[in-house]
Amino acid sequence: MGAKSVEDMIEASSGVHFSGFHMNGLELRSTQVGQPTTLAAEEMHKQPFVIGVAGGAASGKTTVCDMIIQQLHDQRVVLVNQDSFYHDLTEEELTRVHEYNFDHPDAFDTEQLLCAMEKLRHGQAVDIPKYDFKSYKNNVFPARRVNPSDVIILEGILIFHDPRVRELMNMKLFVDTDADVRLARRIRRDTVEKGRDIGTVLDQYSKFVKPAFDDFILPTKKYADIIIPRGGDNHVAIDLIVQHICTKLGQHDMCKIYPNLYVIQSTFQIRGMHTLIRDSQTTKHDFVFYADRLIRLVVEHGLGHLPFTEKQVTTPTDSYNMDDVHVGTLVTEHILLVMGLFTLVWIFVSGYVVSPLLGVARVWRMLCEHVVKASRLGRFLFTGKVTMVSSLSMKSYLKISRIDMCCYWIPF
Ligand SMILES: Nc1ncnc2c1ncn2[C@@H]1O[C@H](COP(=O)(O)OP(=O)(O)O)[C@@H](O)[C@H]1O
Ligand SMILES: Nc1ccn([C@@H]2O[C@H](COP(=O)(O)O)[C@@H](O)[C@H]2O)c(=O)n1
């Protein structure tokens, strides 16, 4: 490939980019300036929190869902069963119903399920059919009107099978109950509630239910975030799951109110530092040290949202690509981002009863450090013995210098 085409490629890819950091690793892909990045974020954050619950038939999925719903009493939660989306049987299929495999992925109308989810996620109510296990039809009972909610629980034996359905889920649970327990429950349920005779239940189990569990259901266990042994008997697991959902919903709600809010993923290191600065035994020196590190994380993540353009730099020895951060825009378009950072760190620091001024001063210092670094780099690139293939213009340099002065001027 010739030198010109390399240049062309760089030029073609040298638009302005935003780097993003989002909750749950959901990233907004790099977008060109002027495109509605915040609209995309809004779209994403306005959507409900979707929990998928899979597991074998009679494993206790519905029981677990009911327990979660009960404990999330102050949230708007709806349960959507995959059973509601069983295909209607044709007349011919009805005459030979015992040969029909209700445990195969093709038994479900996944397109209809996706369509219903699409509507719910966009704030529209949907009518979900109520399946009749006795007549094998989904139009015997009136459909159930489901309104858009904060949380949607999608439950079903094969709810993790289709990747498009899996992608809708923020959290995936797999109810793992022993096969003999599932069979015992199924026999009782199908004979008592569905009025089937035990011979038919056992035939269906060995012919379709067990093979489908091994071939289609069990292989989806790997997609689960949490596996719940013993289903509804496992109160500890359900309590922990509900706590986790509440935490996520808190963040989710905040993100819904503030579409430009980014939540930094918690790590053991971050949690450790939070513990230390909350501890009354922590010395002033350690407090300042760990608070500084936490503030630095916030500042660095915030600055990661500044737009940048890729530039090619030729040094005496080599040529390489670098990201030219638009420091100049710091004082103009992105002043709000910087102000937001101050406020954020101010809230963070003031939450720990330190003088808010101390917090603001520390943020200023960190921002200045960053800008000074960028400024030094800028000056080096501009005045040093290097050739810029794509120019870092005089205008940018002047802007950098102005910020430089401004930063030194701020007393702290
Ligand atoms: N922990 C449990 N102990 C006893 N019976 C249970 C338990 N969990 C569920 N069951 C019973 O087993 C049957 C199947 O449970 P369900 O929650 O409907 O499972 P699934 O939704 O996975 O088919 C129901 O009759 C239910 O009452
Ligand atoms: N007409 C039907 C439809 C489904 N089944 C069985 O139901 C099971 C799934 O429901 P769960 O509530 O237990 O998850 C599945 O194993 C089907 O075989 C049926 O028997 N008849």
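Sequential numbering from 1 along the given sequence is applied to the chain's residues. All ligand and atom numbering here is 1-based and tracks the order in the structure. Being a predicted model, the structure only gives us computed values, none of them experimental.
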Q: So, D132 and K134, do they make that salt bridge, N to O below 4.0 Å?
A: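 The answer is no: the pair does not qualify as a salt bridge.
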Q: What part of D83, side chain, backbone, both or neither, has a heavy atom within less than 4.0 angstrom of ligand 2?
A: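 Side chain only; the backbone of D83 stays clear of ligand 2.
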Q: Quick check on contacts: which atoms of ligand 2 are under 4.0 angstrom from a heavy atom of I157?
A: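 By the 4.0 Å cutoff, the relevant atoms are 14 (O), 15 (C).
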Q: Do any N/O atoms on K61 end up under 3.5 angstrom from N/O atoms on ligand 1?
A: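 It does: an N or O of K61 is found under 3.5 Å from an N or O of ligand 1.
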Q: Say whether G60, considering both its backbone and side-chain N or O atoms, lies within less than 3.5 Å of an N or O atom on ligand 1.
A: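 Between G60 and ligand 1 (N or O atoms, distance only) the closest approach is under 3.5 Å.
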Q: Mind telling me whether Y131 and F133 have parallel, tilted or perpendicular rings, with 30° and 60° as the class edges?
A: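 Judged by the thresholds at 30° and 60°, the geometry between F133 and Y131 is perpendicular.
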Q: Looking only at non-hydrogen atoms, which of Y86, Y131, F108 approaches atom 1 (N) of ligand 2 most closely?
A: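 Residue with the shortest heavy-atom distance to the ligand atom: Y131.
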Q: Would you say the side-chain atoms of H122 pair up with the backbone N or O of E118, donor to acceptor, closer than 3.5 Å?
A: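 Yes; judged by distance alone, with no hydrogens or angles, the pair exists.
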Q: I'd like to know if the side chain of N81 pairs up with that of S84 as donor and acceptor (distance under 3.5 Å, no hydrogens or angles considered).
A: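 N81 vs S84: no donor-acceptor pair found between side chains.
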Q: Return yes or no for this condition: an N or O of Y136 is under 3.5 Å from an N or O of ligand 2.
A: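 No; every N/O pair is 3.5 Å or more apart.
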Q: Evaluate the side-chain contact (heavy atoms from CB on, under 4.5 Å) criterion for residues T110 and L114: first the C-alpha distance (whole Å), next the side-chain angles of each, then the deciding distance (0.1 Å), finally the verdict.
A: CA-CA 6 Å; T110 304; L114 284 165; 4.3 Å; yes
Q: Could you tell me whether R196 approaches ligand 2 through its side chain, its backbone, both or neither, with non-hydrogen atoms closer than 4.0 Å?
A: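 Under 4.0 Å from ligand 2, R196 contributes side-chain atoms alone.
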Q: Just checking, is any N or O donor in the side chain of T95 or E92 under 3.5 Å from an acceptor N or O on the other one?
A: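 No donor-acceptor contact under 3.5 Å links the two side chains.
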Q: May I ask you to identify the nearest protein heavy atom to atom 21 (O) of ligand 1, giving residue, atom name and distance to one decimal place in Å?
A: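 For atom 21 (O) of ligand 1, the nearest protein heavy atom comes out as T62 OG1, 2.5 Å.
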Q: Can you name the atoms of ligand 2, numbered from 1 with element, that are less than 4.0 Å from a heavy atom of K61?
A: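 Atoms satisfying the 4.0 Å criterion: 14 (O).
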Q: Give a yes or no on whether a salt bridge exists between D176 and K221, defined as a side-chain N under 4.0 angstrom from a carboxylate O.
A: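 A salt bridge is present here (some side-chain N lies under 4.0 Å from a carboxylate O).
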Q: What part of R189, side chain from CB on, backbone N/CA/C/O, both or neither, has a heavy atom under 4.0 Å from ligand 2?
A: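 Under 4.0 Å from ligand 2, R189 contributes side-chain atoms alone.
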Q: Which atoms of ligand 2 have any heavy atom of A57 under 4.0 Å away?
A: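 Matching atoms, with element in brackets: 8 (C), 13 (O), 16 (O).
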Q: Going by the order shown, which atoms of ligand 1 are within less than 4.0 Å of some heavy atom of G56?
A: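 Those qualifying, in numeric order: 22 (O).
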Q: For A57, is at least one N or O under 3.5 Å away from an N or O on ligand 1?
A: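 For ligand 1, there is no N or O atom that lies under 3.5 Å from one belonging to A57.
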Q: May I ask you to identify the nearest protein heavy atom to atom 7 (O) of ligand 2, giving residue, atom name and distance to one decimal place in Å?
A: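 Answer for atom 7 (O) of ligand 2: F133 CE2, 3.8 Å.
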Q: Evaluate the side-chain contact (heavy atoms from CB on, under 4.5 Å) criterion for residues K61 and Q82: first the C-alpha distance (whole Å), next the side-chain angles of each, then the deciding distance (0.1 Å), finally the verdict.
A: CA-CA 11 Å; K61 298 183 294 299; Q82 194 180 23; over 6 Å; no
Q: Suppose we measure from atom 1 (N) of ligand 1 to each protein heavy atom; which comes out shortest, and what is that distance?
A: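 Heavy-atom neighbour on the protein nearest atom 1 (N) of ligand 1: D233 OD1, 2.9 Å.
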Q: Judging by distance only, is a nitrogen or oxygen of D103 under 3.5 angstrom from one on ligand 2?
A: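 Such a contact does occur with ligand 2.
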Q: If the plane angle is over 60° it's perpendicular, under 30° parallel, otherwise tilted; pick one for H161 and F216.
A: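 Answer is perpendicular, since the angle exceeds 60°.
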Q: Charged N to carboxylate O below 4.0 Å: is that the case for R145 and D127?
A: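 Between D127 and R145 there is a salt bridge, with a charged N closer than 4.0 Å to a carboxylate O.
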Q: Evaluate the 4.0 Å heavy atom contact test for atom 24 (C) of ligand 1: does a protein atom fall under the cut-off?
A: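 Given the 4.0 Å cut-off, atom 24 (C) of ligand 1 does not count as touching protein heavy atoms.
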Q: Classify the ring geometry between F160 and F174 as parallel (under 30°), tilted (30 to 60°) or perpendicular (over 60°).
A: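 It falls in the tilted class, 30° to 60°.
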Q: Can you tell me the protein heavy atom closest to atom 7 (C) of ligand 1 and the distance?
A: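 Scanning the protein heavy atoms, the shortest distance from atom 7 (C) of ligand 1 goes to R185 NH2, 3.3 Å.
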Q: Could you check whether any heavy atom of G231 sits closer than 4.0 Å to an atom of ligand 1, since that is the contact criterion I want to use?
A: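 Judged by the 4.0 Å heavy-atom criterion, G231 does not count as contacting ligand 1.
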Q: Starting from atom 14 (C) of ligand 1, what is the nearest protein heavy atom, named by residue and atom, and what distance separates them?
A: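 Scanning the protein heavy atoms, the shortest distance from atom 14 (C) of ligand 1 goes to A58 CA, 3.8 Å.
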Q: Between D214 and K210 (salt bridge meaning N to carboxylate O under 4.0 Å), is one present in this structure?
A: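 Salt bridge flag = yes for K210 with D214.
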Q: Can R182 be said to sit on top of F213's aromatic six-ring, NZ or CZ under 6.0 Å from centre and within 45° of the ring axis?
A: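 Ring-cation test returns yes.
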Q: Can you report which non-hydrogen protein atom sits closest to atom 3 (C) of ligand 2, along with the distance?
A: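 Going atom by atom, the protein heavy atom closest to atom 3 (C) of ligand 2 ends up being F102 CD2, 3.4 Å.
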Q: Under 4.0 Å from ligand 2, counting heavy atoms only, is it the side chain of A58, its backbone, both or neither?
A: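 Within the 4.0 Å criterion, A58 contacts ligand 2 through backbone atoms alone.
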Q: For atom 6 (C) of ligand 2, which of the options R186, Q82, K210 provides the nearest non-hydrogen atom?
A: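 Among R186, Q82, K210, the closest heavy atom to atom 6 (C) of ligand 2 belongs to R186.
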Q: Can you pull out the closest protein heavy atom to atom 27 (O) of ligand 1? Residue, atom name and distance to 0.1 Å, please.
A: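 Answer for atom 27 (O) of ligand 1: T63 OG1, 4.9 Å.
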Q: At a 4.0 Å cut-off, with the gap strictly under it, does some heavy atom of F208 reach an atom of ligand 2?
A: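 No, F208 has no heavy atoms under 4.0 Å from ligand 2.
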Q: Considering only heavy atoms of Q204, which atoms of ligand 2 have at least one such atom less than 4.0 Å away?
A: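 Within the 4.0 Å cut-off of Q204, ligand 2 contributes 18 (O), 19 (C), 20 (O).
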Q: Looking at F141, is K130 sitting on its ring face, NZ or CZ under 6.0 Å from the six-membered ring centre and within 45 degrees of the normal?
A: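 Checked: cation-pi criterion met.
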Q: Is it true that T200 and D197 share a donor-acceptor pair across their side chains at a distance under 3.5 Å?
A: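 There is such a pair between these side chains.
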